[in-house]
Structure formats: structure tokens, C-alpha cells
Amino acid sequence: MADRPPTLSRFLAERLAADANSEGLADVIDAIARGARIVEAGTRQAALGGMLGYTDEINVQGEIVARLDTLGTTTFVDVLRESGRVGALACEELEEMVHISDDASHRYLAVFDPVDGSSNIDVAVTIGSIFGIYRRRDDSPITAETLLRPGREQVAAVYAIYGSSTVLVLALPGEVHGFTLDPESADFLLTHEGIRIPESVSCYSVNEGNADRWEPGVARAVSMLRERYSLRYVGSLVADFHRDLLKGGIFLYPGDVKNPKGKLRLSYEANPLSYVAEQAGGAGSTGESRIMDVMPEALHQRTPLVIGNADVVAEVEAIIAD
Ligand code: AHG
Ligand code: MN
Ligand code: MN
């Protein structure tokens, strides 16, 4: 039998062991993987496990909360708390940050979208979970402001995609790797080592249904893309992004006259995926400037997002600026 690929845990132990500055980071990422297995099982069971449909809650985004959103929130809060390495976390579904401990051993901060693409849950279309990880600047008591960090200060980003296979993508400084969940062993095994976003671009992703609300610069940029590429739009950011990361492409959720800041959230959608994109040679932009340079003012603030192949992102920025 061909050599079994390394597990995520072994990969992390080898990759991070020598870096004293990353002490405890492997425990955070391993915790995310444990949580992803639980959410993945909930996703696969779906109706059989009572995981379809909605609760009667409206979240801070003003959106109705899906049952799987609740499973994802409680699961990832629990595993990150149990890791003993996370001082505080912020979650799309929770209005306030969750303070865990100011102890110096809890040196990381996590911001996350527990289930991305919730509108796709009930129709069995790919969804995912997205995480940005920061190291605390110092041991001072953690406040809500502690979590308002520009994306360029992330020390790692992770997303899981629950699709035809379940893949956990990990970005560390200068490197991106994919690990596929082996249903037999429940291990995440290294299957995509050293991901680089391809030069060639095959498709663009945008909700064309919003076209009549776009600003003229955005409309011109999308016209350029429409002439060149095929349209692929899953409606789950993590699925559209993962395709672009592996096959080359560009995803846009621009602002428009109705929602100038667009729909996606800076802290736990745009920043983590822009971190992944940049470590793989791509780019993440507001349409005007680098997403990871935006100084957050609020935990759940929204941002326009243009992400994927760096050259095409730059072209879109130039057209919008024109
Ligand atoms: P979430 O399910 O976490 O709220 O995210 C949904 C987002 C994102 O995944 C996707 O790209 C976008 O909503 C789709 O929005 P539209 O349905 O407006 O196109
Ligand atoms: Mn989302
Ligand atoms: Mn979500």
C-alpha cells in the first residue's frame, strides 16, 4: 500500500515544533479540526440528525439562524475553549466576543464563521467553516478592542469545506496546504501540499442578480470578466473561493447602491480567506485596496470583497478606480 500521507496533527508537530513563537498554535488548529469533524457529521446526517431547517432566532446579522449554525457555533466555541490556548474568540452568530482567559498560556485569538453558506444547507450544496487566528500582542486583559486587528496580523487561517469530500485548508506564513478527511480513520490527511493559485483563470463568481445595483466602476469590471470567463456561483463563499484557489478564478461580492459595504464580513470571511489567498500567491481586495490593511472598527463590520488571482484582482481595482 502506498505510504499513508501524514495526518494534520503530525504535519503540525513537524512544521511548528521548531518555532518557539508558534507554541500552542498546533493545539488551536487541531481543535478546529476536531470541531470540523463534528460539523461535518452533522452536515452529512442533515435531515436524519435533525440538522436541517431553522431555529426561531435572528442573529446579530439580522439573519435567521439555521440549526447547523447553532451546532457549528457551540461546537467551535467548545473545542477552542478546551484547547486551553485561546484567550478570546468572536463568532458570526454571537453579538459579543467570548472571553475565555487572560492567562499568558491562552495566547491566541480566534474569529470565525461556523457555517458559511447557510442558505445551501437544506439543499445539500457545499458549505464550510472559516477561521482567522491572531496571537495576542501582550498579556494585558482582553477586551472587545483586542479582537479588532487588521487581517495582516493573522498568524494562520483555516477553512473547512464540506463538499463532495471534506477538506481542511491551512494557511501559515508563506504556505497553504489541504488535508482531506479520511472517513475510515477520521484523520485529516495531507492531500494538497504547497497550494499555489494558478496563473490561468477559468471563471468569475458574482451574484449577477445584483447587477442593477452596482456602481458604474463595478459594472464595468464585471463586464470585462463576463466577456473573458465562465460564470460559476455556488452561493457559499468558501466553495467559490476553494475552486478559485485550486483552479484559478476571481470572486466578487461588491458593495452596491443598497449596501455600499456589501454583504460579507471583514473579520471572519474576507480576512481569513484573503490571508489564504495571499499565502498562495493571490490577493484579497475591497475593490480599492488590500483587505488585510483595513483597520476594523466593529466585530461584524461588512466589506466589499474581490479575491482570487492577483493579476485579475489588480485589473478589477484599476477599472473601478478609473
Ligand atoms: P453565511 O452563510 O455565513 O451568512 O455566508 C453566506 C455568504 C457567502 O457564503 C456567500 O458568498 C454569500 O453569502 C452569498 O450571498 P448571496 O446569496 O446574496 O449571493
Ligand atoms: Mn459566511
Ligand atoms: Mn455563517
Side-chain angles (χ1 to χ4, degrees), residues 32 35-36 39 42-43 51-55 57-77 89-95 110-132 157-163 169 203-214 218 222 231-245 249-274 276-277 284 287 291 299-308:
I32 291 170
V39 173
T43 302
M51 276 297 136
L52 294 189
Y54 294 87
T55 65
E57 293 163 53
I58 301 293
N59 66 16
V60 64
Q61 322 287 341
E63 296 161 345
I64 189 164
V65 177
R67 286 196 181 91
L68 198 66
D69 283 329
T70 303
L71 173 73
T73 300
T74 53
T75 297
F76 288 118
V77 169
L89 55 83
C91 170
E92 176 197 16
E93 302 299 339
L94 301 174
E95 184 158 7
V111 293
F112 65 96
D113 178 355
V115 177
D116 174 64
S118 302
S119 62
N120 281 324
I121 297 169
D122 288 7
V123 293
V125 169
T126 298
I127 54 177
S129 306
I130 309 171
F131 302 80
V158 178
Y159 67 83
I161 178 166
Y162 315 110
V169 173
C203 61
Y204 78 105
S205 297
V206 71
N207 183 336
E208 289 274 10
N210 297 335
D212 59 350
R213 298 203 299 260
W214 293 332
V218 170
V222 176
L231 175 62
R232 290 287 183 278
Y233 194 72
V234 178
S236 298
L237 168 61
V238 72
D240 284 313
F241 175 74
H242 189 63
R243 183 198 52 249
D244 293 346
L245 181 70
I250 183 162
F251 171 97
L252 308 89
Y253 207 110
D256 60 39
V257 292
K258 195 174 146 210
N259 305 301
K261 286 289 187 191
K263 171 180 182 181
L264 300 177
R265 280 59 53 135
L266 175 65
S267 290
Y268 37 79
E269 289 172 314
N271 269 333
L273 296 187
S274 294
V276 175
I291 278 272
L299 216 40
H300 300 290
Q301 79 183 60
R302 298 175 193 263
T303 177
L305 178 64
V306 182
I307 189 169

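For the single chain, residues carry numbers from 1 onward in sequence order. Remember, predicted model here, so these are calculated numbers, not experimental data. Indexing begins at 1, ligand by ligand and atom by atom, following the structure's order.
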Counting heavy atoms under 4.0 Å, the part of E269 that contacts ligand 1 is side chain
Note to self: If you measure every N or O of Y253 against every N or O of ligand 1, does any of those distances drop under 3.5 Å?
What the structure shows: yes
Requested in this report: May I ask you to check whether V115 brings an N, O or S atom to under 2.8 Å from the Mn ion (ligand 3)?
Outcome: yes
Presence of N, O or S from E92 under 2.8 Å of the Mn ion (ligand 3): yes
The single option from D240, V276, I307 that satisfies side-chain contact (heavy atoms from CB on, under 4.5 Å) with L245 is V276
- Query: So, is V115 polar-close to ligand 1, with some N/O to N/O distance under 3.5 Å?
  - Reply: yes
Check: Less than 3.5 Å between some nitrogen or oxygen of L264 and one of ligand 1, yes or no?
Finding: no
Going by the 4.0 angstrom heavy-atom rule, the piece of D113 near ligand 1 is side chain
| query | What do you reckon, does N207 have a nitrogen or oxygen under 3.5 Å from a nitrogen or oxygen of ligand 1? | reply | yes
request  = Indicate yes or no: does an N/O atom of S119 lie under 3.5 Å from an N/O atom of ligand 1?
outcome  = no
In this structure, atom 19 (O) of ligand 1 is nearest to the protein heavy atom Y233 OH, 2.5 Å
Just checking: D113, one of its N/O/S atoms, less than 2.8 Å away from the Mn ion (ligand 3), yes or no?
yes
